[in-house]
Amino acid sequence: MGSSDRLFNRHRTLHEILGGGLLADVILWRRKNVTLGILSITLCVWLVFEKSGYTLLSLASSVLLLLMTTLFLWAKSAAILNRPAPPLPELHLSEEMANEMASFIRIRLNALLSGFQNISLGKDSRLFFKVATSLLVIYFVGGLTDFLTLSYTSLVIVLTIPALYERCEDFVDKYVMMGYRKLLQLYIKLDYEYVNRFQNEDLVKTKLS
């Protein structure tokens, strides 16, 4: 199957697109124990929140308080009994890490603001429909569930859909590309019949005024 018949005309494998490292191995179940461990832990966390009545803030503060108290008593008892202190790594955020995070956030925010500007000025109709559809989906999904359940469901999707897609990508790509071409034809027809017509009418009104 050629690259033109692949989703997004990609030339790389799904594993390469996901970075090709540990994260890609976990998402695609190349390290099953790690993936199963993540799913099990997140399931337990979700059940704790759902059944115990804890909120994220209250649970986080309780865990941090327990951890801090344990380490504090350990360090004090170690000093009294001449024992080694708790084996903690150096807790320090380097300037290089901070600069990389700031650069990453700046690039993403600039791309977001640029896209918003193009939509606001009517320069990118396709992007407008994509963003509007995504926001509508988020709106309806958000009304059906809470943030915690949505986060857990999203994690399950991330750890299952790519792996299933990798196993059936030829079949999926074939039919998704067929559907995409039909939607693209429909979009071009609607864009020509409605969007361009409205833009031309606005241009005529502007010239007349």
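We number each residue from 1, following the sequence as shown. It should be emphasised that the depicted structure is a prediction, and the values quoted were computed from it without experimental measurement.
For the atom pair CG (N99) and CZ (R106), the distance works out to 11.0 Å, reported to the nearest 0.5 Å. To the nearest 0.5 Å, the span separating CH2 on W46 from CG on L155 amounts to 13.0 Å. The CH2 atom of W29 sits 8.5 Å away from the OG1 atom of T160 when rounded to the nearest 0.5 Å. For the atom pair CZ of R31 and CD1 of I38, the computed distance is 11.0 Å after rounding to the nearest 0.5 Å. Between the CG atom of N118 and the CZ atom of R126 there is a distance of 14.0 Å, given to the nearest 0.5 Å. Rounded to the nearest 0.5 Å, atoms OG (S61) and CE (M68) are 10.5 Å apart.
Using a distance-only test at 3.5 Å, with no hydrogens or angles considered, no donor-acceptor pair links the side chain of S114 to the main chain of N110. A donor-acceptor pair under 3.5 Å is absent between the side-chain atoms of T69 and the main chain of L66, judged by distance alone.
The two atoms that bring A78 and P84 nearest to each other are CB-O, 3.4 Å, heavy atoms only. Across all non-hydrogen atoms, the minimal contact from L43 to Y152 is CD1-OH, 3.4 Å.
Residues V34 and I27 share a hydrophobic cluster, clusters being chains of Ile/Leu/Val/Met/Phe/Trp/Tyr side chains in contact below 4.5 Å. Hydrophobic clustering of Ile, Leu, Val, Met, Phe, Trp and Tyr side chains at less than 4.5 Å, counting indirect connections, unites V63 with I41. Placement of L36 and L23 within a single hydrophobic cluster is found when ILVMFWY residues are connected by side-chain heavy-atom separations under 4.5 Å, directly or transitively. In the hydrophobic cluster analysis, where Ile, Leu, Val, Met, Phe, Trp and Tyr join through side-chain heavy atoms closer than 4.5 angstrom, V156 is grouped together with L159. Linking Ile, Leu, Val, Met, Phe, Trp and Tyr whenever their side-chain heavy atoms come within less than 4.5 Å puts W74 and L67 in one cluster.
Looking only at side-chain heavy atoms (C-beta outward), F104 and R108 come within less than 4.5 Å of each other. Side-chain contact between R30 and E166: present, with at least one pair of heavy atoms (C-beta onward) separated by less than 4.5 Å. Side-chain contact between L164 and C168 is absent, with no heavy atoms from C-beta onward closer than 4.5 Å.
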